[in-house]
Amino acid sequence: MQFFWILIAVLAAGLLLLIANHDSGQVFGIENDAFASLLHMSLWLSVLVVGLVFSVRRRSAAMRNFAFWLIILLVLTTGYQYRYELQDMASRLTAGLVPGSPMTISSATGGQAVMLDKSSNGHFEVRMQVNGTTVRALVDTGASATVLSAADARRVGIAVEDLRFSVPVMTANGRAHAARARVDTLAIGPIERTQVPVLVAEPGRLEQTLLGMQFLSSLSGFEMRGDRLILRD
């Protein structure tokens, strides 16, 4: 039985890798379709091996284990076939539990699209990835640029102490000054931009990072539908 559970763990890990790497199209350098075929063949081979190993035992025990493998085969195969639907379900669940989480949706044009739900404060907030770090930002169509708070700028790797705060900006606390900087990546769900110019507010002058029109205008479009904001790449 220990061998049985080891095989289960290996095959389940293979399925998880397929789901996690569907966007990149490869798993360990192997095309997803080829990896899926290899996993499928491994399942049947495992069923055969287990059947042979347990054939020397009582027939009832062998049949029970064979039934287990058939169930696992059905679950894994079904899980992979419906991987996109399962990802959408997970995305919807995360968006509901974590305010500002972008939910990936299907786009009529075939491009990338995400949807944001309005927060309880009446504004649209988004959890975006800046240089691989999660930053909670307020979507502000009145801001011309993306403005990072000093605290968020430090978290994403910007040396705030070396910046020159010479750009006048308006914040909720009134007029302030910001510094020009650049981040390597800025992503909202599957929508990603590289080498993005941003502003960094003076320390203590901005409580929450703002996602401005500089990023929004790079999209193919965005629209508000009631309490939802849809961004299309």
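Residues take their numbers from the sequence shown, with the count starting at 1. Basis for what follows: all heavy atoms, side chains included, without hydrogens, waters or symmetry-related copies.
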message: To the closest 0.5 Å, what do you measure between CZ (R228) and NZ (K118)?
response: 12.5 Å

- prompt: Which pair of non-hydrogen atoms, one from M128 and one from T146, has the smallest distance, and what is that distance?
  reply: CE-CG2, 4.5 Å

message: Check whether R182 reaches the backbone of Q195 with its side chain - one donor and one acceptor, N or O, closer than 3.5 Å.
response: yes

query: Considering all heavy atoms of both residues, which atom of E202 and which atom of H177 are nearest to each other, and what is their separation?
result: CG-O, 2.9 Å

task: Flag the pair T185 / Q129 as yes when at least one side-chain heavy-atom distance between them is below 4.5 Å, and no otherwise.
output: no

statement: Smallest heavy-atom separation, Q208 atom then A137 atom, equals NE2-C, 3.6 Å

message: Counting only heavy atoms from other residues, nucleotides and ligands, does the tally under 6.0 Å from CZ of R164 exceed 12?
response: no

field: Stepwise side chain to side chain contact (heavy atoms under 4.5 Å, CB included) test for L199 and V169
entry: CA-CA 9 Å; L199 295 178; V169 294; 3.9 Å; yes

- prompt: Should V183 and L148 count as side-chain neighbours, where that means a heavy-atom distance under 4.5 Å?
  reply: yes

- request: Indicate the atoms forming the closest heavy-atom contact of A201 with A150, along with that distance.
  value: O-CB, 3.7 Å

Short side-chain to backbone donor-acceptor contact, D184 and N131, under 3.5 Å: no

query: So, do I188 and Q112 sit near enough that their side-chain heavy atoms are less than 4.5 Å apart?
result: no

- prompt: Nearest 0.5 Å, what's the CG-CZ distance between L211 and R136?
  reply: 13.5 Å

- prompt: If we only count heavy atoms from C-beta on, is the P197 to R180 side-chain gap below 4.5 Å?
  reply: no

- request: Using modelled atom types only, decide if a donor and an acceptor are shared between the side chain of S220 and the backbone of D233 within a distance under 3.5 Å.
  value: yes

statement: Rounded to the nearest 0.5 Å, the CD1 atom of I191 sits from the CZ atom of F215 at a distance of 6.0 Å

task: Check whether any side-chain N or O of E223 sits under 3.5 Å from a backbone N or O of I230 as a donor-acceptor pair, and report yes or no.
output: no

field: T141, D227, V139, D140 screened by side-chain contact (heavy atoms from CB on, under 4.5 Å) with F124, the one that passes
entry: V139

Shortest non-hydrogen contact between R232 and R225, atoms and distance: NH2-NH2, 3.4 Å

query: Roughly how far, to the nearest 0.5 Å, is the CG atom of L216 from the CG atom of L231?
result: 6.5 Å

- prompt: Within the distance-only criterion (no hydrogens, no angle test), does the side chain of S149 pair as donor or acceptor with the backbone N or O of E207 below 3.5 angstrom?
  reply: no

query: Under 3.5 Å, is there a donor-acceptor pair between the side chain of R154 and the main chain of E161?
result: no

